[in-house]
Amino acid sequence: MKRIKISKLLKSNVPKDEVLIKGWVRTRRDSKGFSFIEVNDGSCLKNIQIVADSTLNNYQDVSRLSTGSAVVIAGKLVESTGPGQEWEVIAGRVEIVSLAPESYPLQKKRHTDEFLRTIAHLRPRTNKYGAAFRIRSELSFAIHKFFRDRDFKYIHSPIITGSDCEGAGELFKVTTLALGNPPKKDGKTDYSRDFFGKEANLTVSGQLSAEMFALALGDVYTFGPTFRAENSHTSRHVAEFWMVEPEMAFCDLEGNMDLAEEIIKYLTSYILDECIDDLELFAKFVDKSLMSTLENVASSDFRRLSYTAAVKILQKSGKKFEYDIAFGKDLQTEHERYLAEHHFKKPLIIFDYPKNIKPFYMRLNDDNQTVAAMDVLVPKIGEIIGGSQREERIEVLEKRMDEMGMPKDDYWWYLDSRRFGSVEHSGFGLGFERLLMLMTGISNIRDVIPFPRTPNSIEF
RNA sequence: UCCCCAGUAGCUCAGUUGGCAGAGCAAGUGGCUGUUAACCACUGGGUCCGCGGUUCGAGUCCGUGCUGGGGAGCCA
């Protein structure tokens, strides 16, 4: 007999004489002469209720099954005579694959997220984390589907890089040199004797690679891990996270914003359609307003306004902010939250930021003051996308790099793309985990990553 | 890196003015019942985060370190 997953079993329209289930015991309740066993196999949120009669030849052992034990059950699927579930399985055979001892840490009650983080290897066995990671899987698939349906090509950008890309944050060094005694030259570490012959780091962004491929394949995207060695202690930052980075040739900032809005709406609708059982758990136990938030994101047009207009709104708001608002200063978290959560109450896109607070590759606008940058802000999460139209004019780009004191030689290949068939092009970075926080209402980024990496924490 | 909060049973927490270490849940045992976070009874379970200090006496007060959490900065 072939094993059937519980997700499929529960969708059955008719009773079945023979089914084979493999999974883990969530709870057991004994009655006179038989036991109810709730079995979960991870395929969906719901358990299947097993009715195990005392006539089973190993009932003695079955009646001692503990939470977390692995079992194989052969039996028949019947309509449940009790309330609470549509189907149940009358067990003909219960094979105990392995018994979880009393030290099994997961109890039949709610645990705190902080405690579950200390047992991150077991937490996917809980309802909440099982649901979170099923949604993570679905969301990954939906991202590939979104791009494939629009004829984007998937690019694998390198994990180990020789340049620090955009100067975005602190880097993790990659080296095979002896830490205690590295070779020296003129008092400094001699990286010419390192594995790659020069300094190497873990990537902070696949953007520069993606730009090169956009100028060859047209529309491309990357979707992979990125690393930041920042000593951040917040619920929105981790050292290792995944980023989705589309890059489009022959595309200006407006087209870029169009795609950003389209993908957020598409993914939100997709999850609403495909993961409703899991979503309902979050709507019930994690964030009561989740459904209205998601429907708001999926259906409302994102408000677009320039940085200059945003600054004016903030100045006229009459609200006291901890940080000053003035043209040329970056918007702080409190400002972004005010705009997204109080003023507009829906997702918004802010564009045309002052050039002095943005990286070198963003395209200089005609006013010579601002660059064609855009950030997408959503309620509760804040910045979820950062992107720009890229500077395609080589003389403007080189001038900008000079102003910022960047070593142009290291970027010879990047500049080459502006020498040979340069065209206007745009792209953005979408924080995958932040998106997942939006979708689930989970408020700590550490709880949407299987094994999160944060300062001082790499246990698993 | 800065600011704030917390650390007591497996988990979640209480612990008064400095005076014998507590509850609920979980676990174990027994009972009961088509149960469903089942229910009832009993039992076991403690480096009160570490180190140092004050005191006749410290879970409690002081100093210090560590860990966790929240917020800020940085960003996705």
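Residue numbering restarts at 1 for every chain, and letters A, B, ... go by the order of the sequence lines.
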(message) As a test of understanding, state which of A:I48, A:L20, A:L9, A:D41 forms a side-chain contact (heavy atoms from CB on, under 4.5 Å) with A:I4.
(response)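 Looking at A:I48, A:L20, A:L9, A:D41, the match for A:I4 under the side-chain contact (heavy atoms from CB on, under 4.5 Å) is A:L9.
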(message) Could you tell me if the side chain of A:L77 sits less than 4.5 Å from the side chain of A:E88, heavy atoms only?
(response) no
(request) Answer whether the closest heavy-atom distance between the side chains of A:W24 and A:S69 falls below 4.5 Å. (result) no
(message) According to a cutoff of under 5.5 Å between the ring centres and under 30° between the ring planes, does A:F241 stack with the base of B:A76?
(response) yes
Closest listed nucleotide, where the reference is the side chain of [X] and the choices are [options]:
X: A:D30; options: B:A27, B:U33, B:A76; answer: B:U33
X: A:N444; options: B:C74, B:G70, B:U35; answer: B:G70
X: A:R236; options: B:C75, B:A38, B:G69; answer: B:C75
X: A:Q107; options: B:A76, B:C25, B:C74; answer: B:C25
X: A:E114; options: B:A76, B:G73, B:G68; answer: B:G68
X: A:F36; options: B:G34, B:A38, B:G73; answer: B:G34
X: A:D330; options: B:C32, B:U67, B:C75; answer: B:C75

Partner lookup for [N], please. Criteria are Watson-Crick or G-U wobble with both distances under 3.5 angstrom; report none if nothing qualifies.
N: B:A9; result: none
N: B:G28; result: B:C42
N: B:A76; result: none
N: B:U35; result: none
N: B:U17; result: none
N: B:C61; result: B:G53

(request) For the pair A:E38 and A:R29, evaluate salt bridge (charged side-chain N to carboxylate O under 4.0 Å, His left out) and give the outcome as yes or no after the intermediate values. (result) CA-CA 9 Å; A:E38 296 278 341; A:R29 295 178 293 272; 3.0 Å; yes
(request) Mind running salt bridge (charged side-chain N to carboxylate O under 4.0 Å, His left out) on A:R117 and A:D447 for me, showing each step along the way? (result) CA-CA 8 Å; A:R117 262 171 235 153; A:D447 297 334; 2.8 Å; yes
Which whole number of Å gives the distance between the [atom1] atom of [N] and that of [M]?
N: B:G7; M: B:C13; atom1: P; value: 9 Å
N: B:G18; M: B:U60; atom1: P; value: 11 Å
N: B:A27; M: B:C11; atom1: P; value: 14 Å
N: B:G28; M: B:A38; atom1: P; value: 14 Å
N: B:C25; M: B:U17; atom1: C1'; value: 32 Å
N: B:G15; M: B:G73; atom1: C1'; value: 39 Å
N: B:C5; M: B:G63; atom1: P; value: 13 Å
N: B:A9; M: B:C42; atom1: P; value: 24 Å

By the 4.0 Å heavy-atom rule, please label [X] as base, sugar-phosphate, or nothing.
X: A:S80; answer: base
X: A:Y104; answer: nothing
X: A:E334; answer: nothing
X: A:T112; answer: sugar-phosphate

(message) Would A:E138 and A:R136 count as a salt bridge (charged side-chain N to carboxylate O under 4.0 Å, His left out) here? Give the steps.
(response) CA-CA 6 Å; A:E138 286 302 306; A:R136 186 176 170 118; over 6 Å; no
(request) Kindly say whether, by distance alone, the side chain of A:T81 makes a donor-acceptor pair under 3.5 Å with the base of B:G34? (result) yes
(request) Spell out yes or no: do the side chain of A:R434 and the base of B:C75 have one donor N/O and one acceptor N/O closer than 3.5 Å? (result) yes
Does [N] have OP1 or OP2 sitting under 4.0 Å from an N or O in the side chain of [X]?
X: A:T333; N: B:G73; result: yes
X: A:S31; N: B:G34; result: no
X: A:T27; N: B:A38; result: yes
X: A:R29; N: B:U35; result: no
X: A:S235; N: B:G71; result: yes
X: A:Q332; N: B:C74; result: yes
X: A:R446; N: B:G70; result: yes

(message) Checking the side chain of A:R26 only, and the main-chain atoms of A:R125 only, is there a donor and an acceptor separated by less than 3.5 Å?
(response)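 Answer holds: yes.
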(request) For each nucleotide in nucleotides 39-44 of chain B, reading 5' to 3', give B when a protein heavy atom comes within less than 4.0 Å of its base, S when such contact involves only the sugar-phosphate, and - otherwise. (result) ------
(request) Taking the six-membered ring of A:F321 (Phe, Tyr or Trp), confirm whether the NZ or CZ of A:K319 is under 6.0 Å from its centre and within 45° of its axis. (result)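 Yes, a cation-pi geometry holds between A:K319 and A:F321.
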(request) Mark yes or no: A:R150 above the aromatic ring of A:Y266, with NZ or CZ under 6.0 Å from the six-membered ring centre and no more than 45 degrees from the axis. (result) yes
(request) Go through the steps for A:D330 and A:K358 under the test salt bridge (charged side-chain N to carboxylate O under 4.0 Å, His left out), then give the verdict. (result) CA-CA 9 Å; A:D330 207 355; A:K358 290 293 181 184; 5.2 Å; no
(request) Hey, which sits more toward the 5' end of RNA chain B by its nearest nucleotide, A:H111 or A:T67? (result)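 The residue closer to the strand's 5' end, by nearest nucleotide, is A:H111.
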(message) Please compare A:N231 and A:E88 by the position of their nearest nucleotide in RNA chain B and report the one closer to 5'.
(response) A:N231
(request) Could you state the atom-to-atom distance from CG of A:L106 to P of B:C25 in whole Å? (result)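 The answer, rounded to whole Å, is 20 Å.
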